[in-house]
Asks: 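Have a look at this one before I ask anything.
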4 protein chains.
Amino acid sequence: MAQNMNLTTGIALSTPSIRKDANKNTLRVLDAAKKVFAKNGLNTTVEDVAKEANVGVGTIYRRFKNKYHLATAVSMDIFSEIYEEQNKISLTNHPADTKLELIFDYFTMASRRYGKIHDMSLQLMNSKEIGDDLQQLVTSNMKKIFLKVIIQGQKEGLFREGDPEVFQILMFNMVNPYVVYQIKQRIPMSDIPSYLSQMILKGLSR
Amino acid sequence: MAQNMNLTTGIALSTPSIRKDANKNTLRVLDAAKKVFAKNGLNTTVEDVAKEANVGVGTIYRRFKNKYHLATAVSMDIFSEIYEEQNKISLTNHPADTKLELIFDYFTMASRRYGKIHDMSLQLMNSKEIGDDLQQLVTSNMKKIFLKVIIQGQKEGLFREGDPEVFQILMFNMVNPYVVYQIKQRIPMSDIPSYLSQMILKGLSR
Amino acid sequence: MAQNMNLTTGIALSTPSIRKDANKNTLRVLDAAKKVFAKNGLNTTVEDVAKEANVGVGTIYRRFKNKYHLATAVSMDIFSEIYEEQNKISLTNHPADTKLELIFDYFTMASRRYGKIHDMSLQLMNSKEIGDDLQQLVTSNMKKIFLKVIIQGQKEGLFREGDPEVFQILMFNMVNPYVVYQIKQRIPMSDIPSYLSQMILKGLSR
Amino acid sequence: MAQNMNLTTGIALSTPSIRKDANKNTLRVLDAAKKVFAKNGLNTTVEDVAKEANVGVGTIYRRFKNKYHLATAVSMDIFSEIYEEQNKISLTNHPADTKLELIFDYFTMASRRYGKIHDMSLQLMNSKEIGDDLQQLVTSNMKKIFLKVIIQGQKEGLFREGDPEVFQILMFNMVNPYVVYQIKQRIPMSDIPSYLSQMILKGLSR
DNA sequence: GATGAATGAGAGTTCATTCAT
DNA sequence: GATGAATGAACTCTCATTCAT
């Protein structure tokens with residue numbers, strides 16, 4: 001339980017989703033925060049969130065220890081969402097390369113939809129003090145999916161040998177807001193996932 | 001060739017001065033800024049830089065219009081350094097794949113050495129208002145090298161077809177501080193470049 | 001009879017005083033600001049005001065967008081007060097010359113009592129960007145009273161012909177802190193209003 | 001000598017004009033300062049003046065003790081200029097009312113031409129610490145002319161009785177930048193002096 | 001529990017003045 | 001004498017966090 005203790009007021013999470021057992025106000029705050037963080041990243045002020053959520057700032061601080069915990073919760077919420085979708089994909093019967101293609105397709109879209117949150121999450125994850133829970137979620141859960149598919153691909157003879165964890169890191173980081181932002185100025189959004197997955201699939205191929 | 005050879009680029013952003021001692025001070029500020037930005041990224045305060053440089057804050061503002069201009073100058077300085085090295089590599093007679101390997105080797109090392117500056121630079125480049133000069137340097141110069149090598153590789157039949165600019169974006173972003181930070185917790189630093197370049201070379205191969 | 005009495009029960013202003021529906025703390029800030037601005041004019045620092053009001057600077061910025069808005073509020077508050085008194089006078093049945101005498105009497109006293117605020121207000125009013133509200137109050141309301149009385153006097157045959165607006169400007173500016181400051185070094189304060197009004201009444205007489 | 005010691009480096013002034021005996025650089029600074037103070041008032045920075053004068057800031061500080069002494073010198077220079085002209089007028093054979101008209105004519109024009117300097121001068125004169133020299137010039141010299149003409153007028157039976165000094169103060173303050181600024185939005189510049197002098201002549205008349 | 005006013009540390013920036021060259 | 005780089009106190013303004021109601 002301790003390991004999955006969430007960031008708010010100690011509600012244990014049995015799964016990555018913070019939304020379960022969350023009280024109504026927590027959800028309002030979370031959704032509002034998602035909106036404003038997507039727009040402004042970590043520069044968002046707590047008051048902005050409060051306004052968007054139609055609650056007082058005090059309410060936010062009752063639910064979340066501080067601004068960074070809130071930001072982390074938002075990140076976790078979104079990554080949970082992505083995780084669940086990707087998990088579904090990983091459980092299908094497709095070959096590894098198809099799975100990766102689908103996974104990237106979804107990831108790219110999400111990365112775009114959530115604006116500066118992806119970026120923000122990376123910042124949080126790399127700031128030792130507060131990034132642990134997020135680290136946990138992404139590492140333990142999300143990355144496991146990438147890993148599973150990579151290993152599957154290696155077994156299927158589709159991907160070359162090499163440390164699957166490192167491959168996973170490369171892939172995970174290949175789709176980031178900067179990449180999406182820059183590529184979309186060259187080619188249509190809809191083509192981005194295919195470029196990405198081809199690059200990765202080729203990169204992994206023997 | 002000396003450590004300060006390439007500082008001209010960063011200095012271009014500063015208020016030029018006829019006096020030798022003034023420029024010397026600009027270098028002191030720039031070097032100090034490099035140090036503290038590497039450690040703290042954009043969260044660095046101007047006073048931190050001043051302390052590190054043993055100058056008053058006013059001196060910094062005499063040289064650089066504001067904090068972001070200073071940060072940009074630092075970024076440009078470092079990217080210039082990287083650029084020059086990569087340019088040398090690109091001018092050799094190696095085949096495209098070897099060149100990329102060497103380029104990534106150097107890039108990875110630099111990315112690691114300069115800590116949060118790489119990250120900071122990405123932030124700056126993607127913040128329209130202040131990132132223009134940096135954009136310019138990286139886009140016009142550095143990326144051109146990637147581009148040249150990619151096109152060379154395509155001509156040599158080593159790399160597959162596709163928009164070279166997009167490939168270049170993918171490659172450019174593939175080596176970033178998060179990747180390096182995470183990978184180095186799995187494998188020895190010295191192995192990172194080879195993983196990266198293999199991934200990319202494969203990714204580009206026909 | 002308290003200082004604020006007339007603000008709640010007095011004649012309604014079309015440009016309302018900020019004191020209405022202002023909460024307790026806003027009034028504390030406003031009163032403190034009045035005190036220190038009277039002493040130091042626009043050189044006053046926000047922290048000075050905060051200290052005098054026994055509140056944090058943040059409180060001031062919560063109430064007033066910036067220092068100039070605060071200064072404007074102070075000016076408006078004082079001019080509102082003066083306006084109300086002058087308005088009362090203008091509504092009496094006295095002949096125009098008597099009215100002017102009374103109006104100037106009050107104006108002179110107020111100008112003296114509020115020290116550098118009168119001067120500050122002039123500065124604010126003539127600084128296009130921030131002086132609009134103040135401009136509005138003074139122009140639309142206060143000056144109208146002068147105007148009304150001047151026109152009345154012209155009708156009564158007491159004052160000579162000429163653009164009443166220009167007369168009004170001359171009168172409005174004739175009573176200013178510099179004048180009062182200098183005259184009071186020559187003659188007793190109590191004699192100042194009579195000198196002023198005689199000068200003006202003569203100046204207007206046919 | 002002490003009484004007329006000027007503000008710069010102790011050069012004694014035999015007349016109100018600071019320009020006499022002033023070295024070349026002092027004049028350059030003075031003229032530059034006149035230009036920028038006219039535009040920006042006391043907000044002008046010393047560096048602005050230095051740039052306009054094409055000298056270093058150090059040179060300014062060699063010539064003038066500090067910024068306020070420079071501002072005072074500028075004010076004195078301009079008032080000296082006005083003084084000299086008014087003095088000429090006062091020495092003619094016109095009756096007092098004509099003289100006043102001419103004096104005001106010139107004063108109004110000068111007030112307009114020198115932009116924010118008039119305002120600045122008033123500020124300086126009323127700031128006990130630094131305004132003494134200026135006070136001196138204006139009081140001892142300039143105001144004497146007003147005074148002389150007023151007394152002449154009283155003798156000629158043109159003006160009513162009353163403390164001439166107070167009249168002089170009223171007149172001196174009646175022409176100020178705010179008045180001119182506001183009136184010129186109502187009537188043509190060329191009409192302003194006549195309005196002013198009529199107001200004053202009437203105001204003084206018996 | 002909810003609110004949002006109050007707090008005040010802290011950041012960026014300016015500029016009068018000094019002083020080494 | 002002249003220069004202008006350096007200084008740092010001072011100022012404005014922001015915003016995460018607290019706490020009385």
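Each chain gets a letter, A, B and so on, in the order its sequence line appears, and its residues count up from 1. Computed from a predicted structure; not experimentally measured.
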Asks: Just the rounded figure in Å: distance from C1' of F/dT17 to CZ of A/Phe64.
Replies: 16 Å
Asks: If you round to the nearest 0.5 Å, how far is OH of C/Tyr114 from CE of C/Met120?
Replies: 12.0 Å
Asks: Nearest to the side chain of D/Lys67, heavy atoms from C-beta on, is which of F/dT18, E/dT17, F/dG8?
Replies: E/dT17
Asks: Closest-nucleotide mapping onto DNA chain F: is C/Thr44 or D/Gly56 further toward the 5' terminus? I mean the 5' end.
Replies: D/Gly56
Asks: With respect to the side chain of B/Val55, which nucleotide from F/dT7, E/dT13, E/dT17 is positioned closest?
Replies: F/dT7
Asks: Rounded to whole angstrom units, what separation is found between the CG atom of C/Asn43 and the P atom of F/dC11?
Replies: 9 Å
Asks: Report the residue (C/Arg62 or C/Glu47) whose heavy-atom-nearest nucleotide on DNA chain E is the more 5′ of the two.
Replies: C/Arg62
Asks: A/Glu52 pairs by salt bridge (Lys or Arg N to Asp or Glu O under 4.0 Å) with which of A/Lys35, A/Lys34, A/Lys39?
Replies: A/Lys35
Asks: Starting at CD1 of B/Ile60 and ending at C1' of F/dT7, how long is that distance when rounded to a whole Å?
Replies: 12 Å
Asks: Figure out the CZ/P separation between A/Arg28 and E/dA2, and round it to whole Å.
Replies: 10 Å
Asks: With both distances kept under 3.5 Å, what pairs with F/dA9, Watson-Crick or G-U wobble?
Replies: E/dT14
Asks: Do you know which of A/Leu70, A/Val74, A/Val49 makes side-chain contact (heavy atoms from CB on, under 4.5 Å) with A/Thr44?
Replies: A/Val49
Asks: Which nucleotide sits closest to the side chain of A/Arg63: E/dG8, E/dG1, E/dG12?
Replies: E/dG1
Asks: Rounded to whole angstrom units, what separation is found between the CG atom of D/Leu42 and the P atom of E/dT14?
Replies: 19 Å
Asks: If you check the D/Thr45 side chain, which of E/dT17, E/dC15, F/dA9 turns out closest?
Replies: E/dC15
Asks: F/dT12, E/dT3, E/dT17: which one has an atom nearest the side-chain heavy atoms of A/Thr59?
Replies: E/dT3
Asks: Identify the two heavy atoms, one from C/Val29 and one from C/Ala53, that lie closest to each other, and give their separation to 0.1 Å.
Replies: CA-CB, 4.1 Å
Asks: Round to the nearest Å and state the distance from C/Asp48 atom CG to F/dA10 atom P.
Replies: 12 Å
Asks: Do the side-chain N and O atoms of D/Thr45 and D/Asp48 include a donor-acceptor pair separated by under 3.5 angstrom?
Replies: yes
Asks: In whole Å, what is the span from the NZ atom of A/Lys65 to the P atom of F/dT18?
Replies: 10 Å
Asks: Paired with E/dT21 by Watson-Crick or G-U wobble geometry, both distances under 3.5 Å: which nucleotide is it?
Replies: F/dA2
Asks: Can you tell me if B/Tyr61 touches the phosphate of E/dT14, counting only side-chain N or O atoms and a distance under 4.0 Å to OP1 or OP2?
Replies: no
Asks: Which of these nucleotides, F/dC13, E/dT13, F/dT18, is closest to any side-chain atom of A/Val57?
Replies: F/dT18
Asks: Select one nucleotide: of F/dT17, F/dC13, E/dA5, the one nearest the side-chain heavy atoms of A/Val46.
Replies: F/dT17
Asks: C/Lys51 has an atom NZ; how far is it from atom P of E/dG8, in whole Å?
Replies: 12 Å
